[in-house]
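Please read the structure below before turning to the comments.
Here is the naming used below: chain letters follow the sequence lines, and residue numbers restart at 1 for every chain. Note that this is a predicted model, so its numbers are computed, not measured.
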Number of protein chains: 2
Amino acid sequence: MLLAERQSLILKELNDKGRVYAADLALQLGVSEDTVRRDLNRLGELQLLRRVHGGALPLQLDVPDYADRLELKHPDKQKRATAALSYLQAGQTILLDSGETCLYLAKSLPRDMRLTVVTACPLIACELMHHDKADVIVVGGSFFKPALRSVGAVTCNMLRKMRFDIYFTGACALHPERGFTAKYMEEAEVMRISVEQSDRTVVMGGPDRLGLIANHQVAGIRELDVLITDKSADPTVLQAMRKRELQIVLV
Amino acid sequence: MLLAERQSLILKELNDKGRVYAADLALQLGVSEDTVRRDLNRLGELQLLRRVHGGALPLQLDVPDYADRLELKHPDKQKRATAALSYLQAGQTILLDSGETCLYLAKSLPRDMRLTVVTACPLIACELMHHDKADVIVVGGSFFKPALRSVGAVTCNMLRKMRFDIYFTGACALHPERGFTAKYMEEAEVMRISVEQSDRTVVMGGPDRLGLIANHQVAGIRELDVLITDKSADPTVLQAMRKRELQIVLV
DNA sequence: CCTGTTTTTGCGTGTTCTTGCCGATTTTAC
DNA sequence: GTAAAATCGGCAAGAACACGCAAAAACAGG
């Protein structure tokens with residue numbers, strides 16, 4: 001029996017029966033279970049079937065593949081978001097910025113913690129739809145597509161009327177001397193107000209964002225409270241920031 | 001029976017019946033209740049169902065995952081949305097309500113038409129992210145999860161400051177004499193203001209919504225302009241609405 | 001034909017996953 | 001309130017798995 005022939009038989013069997021078991025296939029094809037497992041794994045890599053514990057299932061699209069919901073495209077961002085969670089306390093009112101890291105943070109918010117979450121990012125608001133314990137407040141305004149968020153005068157006015165325990169944001173650019181800067185003017189304005197209206201500001205950003213300077217000033221380093229970044233960050237830059245009373249968390 | 005296979009069956013059963021009991025599933029699938037519970041818990045963590053004491057329920061609102069998978073799911077809603085498009089003109093400012101039909105409408109907006117789209121539904125705002133020609137304005141406020149939209153005083157105030165050429169909305173309940181009513185008070189209040197601030201109101205609703213009365217008044221039939229529904233709608237009800245100067249479009 | 005390399009396969013090891021059971025605790029129903 | 005049902009956490013047996021290794025087969029090139 002040829003390898004390719006065997007794999008074809010497996011696919012045929014799967015197509016006929018709707019499921020295959022590794023143990024059965026081994027018996028049926030007269031090879032060891034290890035060989036069958038290797039076949040199944042390979043076929044799975046080729047997206048020809050869905051490998052599961054004990055055997056395999058067809059790639060039926062009608063069944064949502066819950067497996068990839070756990071898949072983390074950016075494990076580092078997830079790590080920073082998880083680290084940020086430790087600054088949360090039940091009952092607080094937090095402001096969640098837009099951006100992928102903040103989206104991860106939203107997804108990771110403890111389901112049993114009562115919170116008020118304010119956000120100008122519609123995507124994050126949607127994400128929190130199933131978070132029963134969270135009161136969500138959407139900040140309106142002009143929808144700025146590049147940043148997937150509201151900006152402009154309406155946004156600023158609405159933010160000025162509120163106060164937040166913590167402002168979580170992803171870093172566009174963070175420089176020891178020039179501070180926190182952003183790419184777009186409108187976005188920077190909103191972020192500046194966000195910092196002002198919050199007791200604490202927690203910035204999550206990859207090492208690549210440190211030392212950068214963007215066009216629009218958001219806040220000085222001293223106005224920020226916590227930076228969550230990776231161990232691989234440049235120690236010199238970190239030291240300069242620590243001197244300016246920014247607490248650094250490395251994940 | 002494979003674990004993944006079993007979990008798929010549970011989801012299918014839930015989808016068919018609208019609810020599942022742990023004890024029943026155990027008997028039906030030939031495994032212990034503990035195993036079923038573990039499956040349910042896991043599926044609940046993955047947001048594929050809502051875990052409750054004794055079993056599980058479907059998620060309240062099927063979030064379309066920001067994908068366009070629901071194209072075929074409700075062809076009738078798509079038809080009504082498409083019909084609504086004919087009331088659009090380039091350069092207009094339109095108010096898009098929340099709801100599945102409005103989501104279809106948002107997806108169907110001509111990509112080459114310059115529009116200003118205002119919405120209190122974050123999901124619709126996200127959907128319009130890739131519509132280059134549309135200026136999108138997000139109406140903020142308290143996020144009301146059952147309707148997936150902003151409601152409350154902030155929302156109302158922001159809407160009162162604006163004016164719209166057309167207000168597109170899906171019908172909760174439409175009755176010839178009692179008019180347009182909604183299920184939730186907060187939602188009704190926002191919708192009432194939406195009607196007031198708009199030159200025209202276009203209601204899209206299936207035949208099942210006609211003749212219904214919900215608890216909270218939104219507007220009288222005479223305040224509405226166009227109703228888009230199906231050919232299968234009750235002619236008596238339609239006639240009664242026509243008498244009140246509501247234009248009816250059948251798709 | 002011979003030799004060195006690659007591929008395939010089975011086996012043994014230890015690890016992980018799944019499952020049922022059991023007792024303690026919580027929730028629900030009456 | 002009490003009793004029943006459901007849940008939770010831990011535990012242990014067995015299944016499934018990953019990994020490395022070595023033998024056998026297939027292959028490649030001189």
- Nucleic acid contacts - residues 3-16 of chain A versus DNA chain C, non-hydrogen atoms under 4.0 Å: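 Heavy-atom contacts with DNA chain C come from Leu3(A), Arg6(A).
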- Query: Nucleotide by nucleotide, 5' to 3', does protein get under 4.0 Å of the base (B), only the sugar-phosphate (S), or neither (-) in nucleotides 6-23 of chain D, counting heavy atoms?
  - Reply: SBSB------SBSB----
- Mind listing the residues from residues 25-32 of chain B sitting with a heavy atom below 4.0 Å of DNA chain D? Number order is fine.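 Within residues 25-32 of chain B, no residue comes under 4.0 Å of DNA chain D.
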- Message: Could you measure the distance from the CG atom of Leu40(B) to the CZ atom of Arg37(B)? Nearest 0.5 Å is fine.
- Response: 9.0 Å
- How many angstroms lie between atom CG of Leu148(B) and atom SG of Cys102(B), to the nearest 0.5 angstrom?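 So the CG of Leu148(B) and the SG of Cys102(B) are separated by 11.5 Å.
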- Query: Given Tyr167(A), which of Leu95(A), Asp225(A), Ile94(A) fulfils the side-chain contact (heavy atoms from CB on, under 4.5 Å) condition?
  - Reply: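 Passing option: Leu95(A).
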- Determine the minimum heavy-atom distance between Arg19(A) and Leu57(A), stating which atoms define it. CB-CD2, 3.7 Å
- Query: Between Ala56(A) and Leu49(A), what is the shortest heavy-atom contact and its length?
  - Reply: CB-CD1, 3.9 Å
- Message: My understanding is that only residues two or more places apart in sequence, or in another chain, count here; which of them pass ring pair (Phe, Tyr, Trp, His ring centres under 6.0 Å) with Tyr184(B)?
- Response: Phe144(B)
Report the residues that fulfil salt bridge (Lys or Arg N to Asp or Glu O under 4.0 Å) with [X], sequence neighbours left out, ordered by chain and then residue number.
X         : answer
Arg209(A) : none
Glu45(B)  : none
Lys12(A)  : Asp16(A)
Asp230(A) : Arg80(A)

Residues 113-124 of chain A, side-chain donor-acceptor partners within the protein, below 3.5 Å, at least two apart:
from: Thr119(A); atom 1: OG1; to: Leu96(A); atom 2: O; distance (Å): 3.0
from: Thr119(A); atom 1: OG1; to: Cys121(A); atom 2: N; distance (Å): 3.1

- Compute whether any side-chain donor of one residue and acceptor of the other, for Ser198(A) and Thr201(A), lie under 3.5 angstrom apart. no
- Item | Residue pair Glu33(B) / Tyr21(B), side-chain donor-acceptor N/O under 3.5 Å | no
- Going 5' to 3' along DNA chain C, which nucleotides are the first and last within contact of chain B (any atom under 4.0 Å from a heavy atom)?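 In short, chain B contacts DNA chain C from dT18(C) to dT28(C).
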- Message: Atom NZ of residue position Lys79(B) - does it have more than 12 heavy atoms of other residues, nucleotides or ligands inside 6.0 Å?
- Response: no
- Set of side-chain contact (heavy atoms from CB on, under 4.5 Å) partners for Glu13(A), sequence neighbours left out: Lys17(A), Val20(A), Leu25(A), Gln28(A)
- Message: At 10 degrees resolution, what angle do the end axes of the helix from dC1(C)-dG30(D) to dC30(C)-dG1(D) form when each is taken over five base pairs?
- Response: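 Comparing the first five pairs with the last five, the axes sit 50° apart.
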